[in-house]
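The structure under discussion appears below in the form of structure tokens.
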Amino acid sequence: MEMPASYFSLLSFSDGGEGPLAVQPFYLCLDPTAEIIERQSKPPGQSEFETIFIFGGNGGGEYLALDLRQEQPWPVISVDMIAGLESAEIVAKDFESFLDLVGVE
């Protein structure tokens, strides 16, 4: 899986961190690299969320993720942690567009 270069740029700027987001879910809590590596190292079949790449959340029960079920460039989605993938909503058409929404209230 080849992640967008802009994702790595964001991690190099802020390995973790949080701030406003211009659209629903209105806040970004970026997961630190160590947490992402740990989550990705789990054996297949351990989670219903294997078809998305979770890179953060809103700090209140929603994941922010790349939707790997779609064609590249993958859209950024929000997913309710309890309701599961059925609750997925598109936040941005791709990660670059998502970055335009970060830090904007």
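Numbers here are sequence positions counted from 1. Fair warning: this is a prediction, and the values are worked out from it, not measured in the lab.
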Rounded to the nearest 0.5 Å, the CG atom of L99 sits from the OG atom of S6 at a distance of 5.0 Å

Remaining members of hydrophobic cluster (4.5 Å side-chain criterion), L85 | F49, I52, I54, Y63, I77, V79, M81, I90

Indicate yes or no: at least one non-hydrogen side-chain atom of L101 is less than 4.5 angstrom from one of V76.
-> no

Apply side-chain contact (heavy atoms from CB on, under 4.5 Å) to P20 and list each qualifying residue two or more places apart in sequence or on a separate chain.
-> E105

Are any non-hydrogen side-chain atoms of Q24 and E62 less than 4.5 angstrom apart?
-> yes

Residue list, side-chain hydrogen bond (donor to acceptor under 3.5 Å, both in side chains) with T51, at least two apart or on another chain | none

Any side-chain donor-acceptor pair under 3.5 Å between S97 and D94?
-> yes

If you round to the nearest 0.5 Å, how far is CD of E38 from CD1 of I36?
-> 11.5 Å

Exceeds 12 heavy-atom contacts within 6.0 angstrom, atom CD of Q40 = yes

Counting only heavy atoms not in Q72, do more than 12 fall under 6.0 Å of its CD?
-> yes

Which residues share a ring-ring contact (aromatic ring centres under 6.0 Å, His included) with F26, sequence neighbours left out | none

Min side-chain heavy-atom separation P4-L66 under 4.5 Å | yes

Say you draw a straight line from CG of L64 to CG of L28; how long is it, rounded to the nearest 0.5 Å?
-> 6.0 Å

With sequence neighbours excluded, what pairs up with E35 under the side-chain hydrogen bond (donor to acceptor under 3.5 Å, both in side chains) test?
-> none

Counting N and O atoms only, with roles assigned by atom type, does the side chain of D15 sit under 3.5 Å from a partner on the main chain of T33, one being a donor and the other an acceptor?
-> yes

Does the S87 side chain pair with the main chain of D80, one donor and one acceptor, at a distance under 3.5 Å?
-> yes

Minimum heavy-atom distance between V91 and P25, given as atom pair plus value = CG2-CD, 4.3 Å

Provide the full list of ring pair (Phe, Tyr, Trp, His ring centres under 6.0 Å) pairs with a residue in residues 85-105, sequence neighbours left out, each pair given once.
-> Y7-F95, F55-F95, F55-F98, F95-F98

